[in-house]
Participant: 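Would you mind keeping the following structure in view while I ask a few things?
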Amino acid sequence: MPAKGVVDMTELSNLVAESVERLRRDRPLVQCLTNIVVANFTANVLLSAGAVPAMVDNSEESEEFASVADGVLVNTGTPYRETAEAMVAAVRGAASSNTPWVLDPVGVGMSWRTQVALEALHVAAPAVIRANASEVLTLAGTDASARGPEAGDGVEDALASAAQLVRNHGCVVAISGPVDHIIDADRHVTVSSGHEWMTRVTGVGCSLGALTAAFAGVQNDYLIAATSATAMLCVAAERAAERSVGPGAFAQALVDELFLASPDEVGARGGLRDVSA
């Protein structure tokens with residue numbers, strides 16, 4: 001990448017395309033500790049994109065499995081006591097083997113699941129925190145407005161809190177919204193592609209967390225990994241909406257288009273922009 005704080009957009013598009021090629025070539029193994037609502041859809045998204053899902057979320061195996069996976073997702077959408085223990089154990093396993101892990105703190109604000117997310121963050125810093133604006137605000141200790149997993153705050157309202165999380169944990173923060181913002185200590189890019197139906201299908205956002213973990217398993221520049229995952233899902237969503245009559249058909253088409261979208265199209269059509277300045 002160019003000098004600190006500067007993102008060359010042609011190079012960024014090329015790096016995103018290369019990351020998609022690498023994902024499909026290397027087929028990273030992704031351990032998903034995710035919620036019961038989205039597990040099947042998430043697995044299909046990963047398979048169609050080119051990764052290998054493993055839904056290992058029990059406390060007996062999660063730490064060991066994380067040490068051999070290429071990437072790990074921790075999603076707090078429907079936590080139970082055993083799965084919460086498994087999440088923390090998986091983070092320990094990831095830390096012991098330098099496996100990148102992604103935190104998707106779904107619904108934080110409820111006291112117990114917030115505690116689970118913060119405990120995982122205390123064990124080891126993630127590669128990426130992927131969240132909506134309200135979840136970012138909550139993790140940073142700022143008042144937020146949310147209805148369960150739905151954000152009640154705008155992405156712009158969460159940028160200062162995202163920067164705080166970057167400083168505190170040395171990670172990338174990817175904020176989902178009408179325009180997605182991905183930031184690290186030096187760079188800030190946005191992805192403006194996508195379609196409104198992405199919010200009308202259960203599991204699309206959660207699958208983005210898993211896809212981010214997959215890209216982090218093959219791309220050690222985690223801002224590029226998060227940007228690649230976001231662009232790939234959003235471009236596939238645009239393509240899927242073009243041939244769908246509503247959210248149901250869109251969900252099926254989205255899985256197809258993740259398989260069909262070319263690396264160059266993801267890089268070129270992602271709506272990438274540098275807003276570092």
Participant: Does V179 share a hydrophobic cluster with L137, counting links as ILVMFWY side-chain heavy atoms below 4.5 Å and allowing steps through other members?
Facilitator: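 Per the 4.5 Å side-chain linkage, V179 and L137 are not co-clustered.
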
Participant: Looking at every non-hydrogen atom in both residues, tell me the closest pair between V136 and A162 and how far apart they are.
Facilitator: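 Smallest heavy-atom distance, with atoms named: CG1-N, 3.6 Å.
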
Participant: Before giving the answer on side-chain contact (heavy atoms from CB on, under 4.5 Å), spell out for I175 and N132 the whole-Å C-alpha distance, their side-chain angles and the decisive distance to 0.1 Å.
Facilitator: CA-CA 5 Å; I175 315 174; N132 65 37; 5.7 Å; no

Participant: Tell me whether V201 is reachable from L258 by hopping between hydrophobic residues (I, L, V, M, F, W, Y) whose side-chain heavy atoms are closer than 4.5 Å.
Facilitator: yes

Participant: Using atom types as modelled and distance alone, determine if a side-chain donor or acceptor of D184 lies under 3.5 Å from a backbone N or O of V172.
Facilitator: no

Participant: Establish, from distance only, whether the side-chain atoms of E238 and S193 form a donor-acceptor pair under 3.5 Å.
Facilitator: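 No donor-acceptor contact under 3.5 Å links the two side chains.
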
Participant: Is there a side-chain contact between H195 and E242 (heavy atoms, below 4.5 Å)?
Facilitator: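 No, their side chains stay 4.5 Å or more apart.
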
Participant: Tell me, with the steps shown, if Y80 and D57 meet side-chain contact (heavy atoms from CB on, under 4.5 Å).
Facilitator: CA-CA 11 Å; Y80 299 92; D57 63 355; over 6 Å; no

Participant: Taking E85 for its side chain and S59 for its backbone only, find out whether a donor-acceptor pair lies under 3.5 Å.
Facilitator: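 Here the side-chain-to-backbone pair does not exist.
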
Participant: For E156 and H181: C-alpha separation, side-chain torsions, deciding distance, then whether side-chain contact (heavy atoms from CB on, under 4.5 Å) applies.
Facilitator: CA-CA 9 Å; E156 291 76 12; H181 289 246; 4.2 Å; yes

Participant: Could you tell me if the side chain of V38 sits less than 4.5 Å from the side chain of S207, heavy atoms only?
Facilitator: no

Participant: Please tell me if the side chains of T230 and T227 come closer than 4.5 Å, counting only heavy atoms from C-beta onward.
Facilitator: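 T230 does not reach T227 side chain to side chain.
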
Participant: Does V37 belong to the same Ile/Leu/Val/Met/Phe/Trp/Tyr cluster as V102, with side-chain heavy atoms less than 4.5 Å apart forming each link?
Facilitator: no

Participant: Can you tell me if S192 and R273 form a side-chain donor-acceptor pair at under 3.5 Å?
Facilitator: no

Participant: Work out which heavy atom in W197 is nearest to a heavy atom in V245; give both atom names and the distance.
Facilitator: CH2-C, 3.8 Å

Participant: Once rounded to the nearest 0.5 Å, what's the spacing between atom CG of L211 and atom OG1 of T42?
Facilitator: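 The distance works out to 10.0 Å.
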
Participant: Kindly compute the distance separating CD (Q219) from CG (L15), expressed to the nearest 0.5 Å.
Facilitator: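 It is 6.5 Å, given to the nearest 0.5 Å.
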
Participant: Indicate whether the side chain of E61 and that of N58 have a donor and an acceptor atom separated by less than 3.5 Å.
Facilitator: yes

Participant: What's the spacing between E265 CD and S13 OG if we round to 0.5 Å?
Facilitator: 12.5 Å

Participant: For the pair D221 and R187, find out whether any cationic side-chain nitrogen is under 4.0 Å from an anionic carboxylate oxygen.
Facilitator: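 Result for this pair is yes, salt bridge flagged.
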
Participant: What distance separates S262 OG from R24 CZ, expressed to the nearest 0.5 Å?
Facilitator: 7.5 Å

Participant: Roughly how far, to the nearest 0.5 Å, is the CD atom of E64 from the OG atom of S97?
Facilitator: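 That separation rounds to 11.5 Å.
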
Participant: Keeping the roles fixed (side chain from S48, backbone from V45), state whether a donor-acceptor pair exists under 3.5 Å.
Facilitator: no

Participant: Do any N or O atoms from the side chain of Q31 and from the backbone of G71 form a donor-acceptor pair under 3.5 angstrom?
Facilitator: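 Checking the backbone N and O of G71 against the side chain of Q31, no donor-acceptor pair under 3.5 Å is found.
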
Participant: Of all the heavy-atom pairs spanning N75 and C206, show the shortest one and how long it is.
Facilitator: ND2-SG, 3.3 Å

Participant: Give a yes or no on whether V74 and V56 share a hydrophobic cluster (residues Ile, Leu, Val, Met, Phe, Trp, Tyr; joining criterion: side-chain heavy atoms under 4.5 Å apart).
Facilitator: no

Participant: Can you name the nearest heavy-atom pair linking R113 to T76, along with the distance?
Facilitator: NH1-O, 2.8 Å

Participant: Any non-hydrogen side-chain atom of W101 less than 4.5 Å from a side-chain atom of V128?
Facilitator: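 Heavy-atom side-chain distance check fails, nothing below 4.5 Å.
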
Participant: Does R243 reach the side chain of F250, with side-chain heavy atoms less than 4.5 Å apart?
Facilitator: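 In short, these two side chains do not touch, never coming nearer than 4.5 Å.
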
Participant: Taking the side chain as everything from C-beta on, heavy atoms only, tell me whether V123 gets closer than 4.5 Å to V88.
Facilitator: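 Sidechains of V88 and V123: in contact.
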
Participant: Which residues pass the ring pair (Phe, Tyr, Trp, His ring centres under 6.0 Å) test with H169, sequence neighbours left out?
Facilitator: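 Ring pair (Phe, Tyr, Trp, His ring centres under 6.0 Å) check on H169 returns nothing, list empty.
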
Participant: Of all heavy-atom pairs between V16 and S228, which one has the smallest distance, and what is that distance?
Facilitator: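 So the two residues come closest at CA-OG, 3.5 Å.
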
Participant: Can you get from V155 to V173 by hopping between Ile, Leu, Val, Met, Phe, Trp and Tyr side chains that sit under 4.5 Å apart?
Facilitator: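 Same hydrophobic cluster.
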
Participant: Taking atom CD of Q252 as the centre, report whether more than 12 heavy atoms of other residues, nucleotides or ligands fall under 6.0 Å from it.
Facilitator: no

Participant: Write down the atom of R81, the atom of W112, and the distance for their closest heavy-atom approach.
Facilitator: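 Closest pair (atom of R81, atom of W112, distance): N-CH2, 3.8 Å.
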
Participant: Please check if the number of heavy atoms outside M110 that lie under 6.0 Å from its CE is greater than 12.
Facilitator: no

Participant: Would you say the side chain of V204 lies within less than 4.5 Å of the side chain of L233, judging by non-hydrogen atoms?
Facilitator: yes

Participant: For the atom pair CG (L121) and CG (L139), what is the distance rounded to the nearest 0.5 Å?
Facilitator: 6.0 Å

Participant: Determine, step by step, whether D8 and L12 satisfy the side-chain contact (heavy atoms from CB on, under 4.5 Å) criterion, reporting the C-alpha distance in whole Å, the side-chain angles of both residues, the deciding distance to 0.1 Å, and the verdict.
Facilitator: CA-CA 6 Å; D8 181 276; L12 178 61; over 6 Å; no

Participant: Could you verify whether a donor N or O on one side chain and an acceptor N or O on the other, from D274 and S276, lie under 3.5 Å apart?
Facilitator: yes

Participant: Quick one: does L73's side chain get under 4.5 Å of L33's, heavy atoms only?
Facilitator: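 No, too far: nothing below the 4.5 Å cut-off.
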
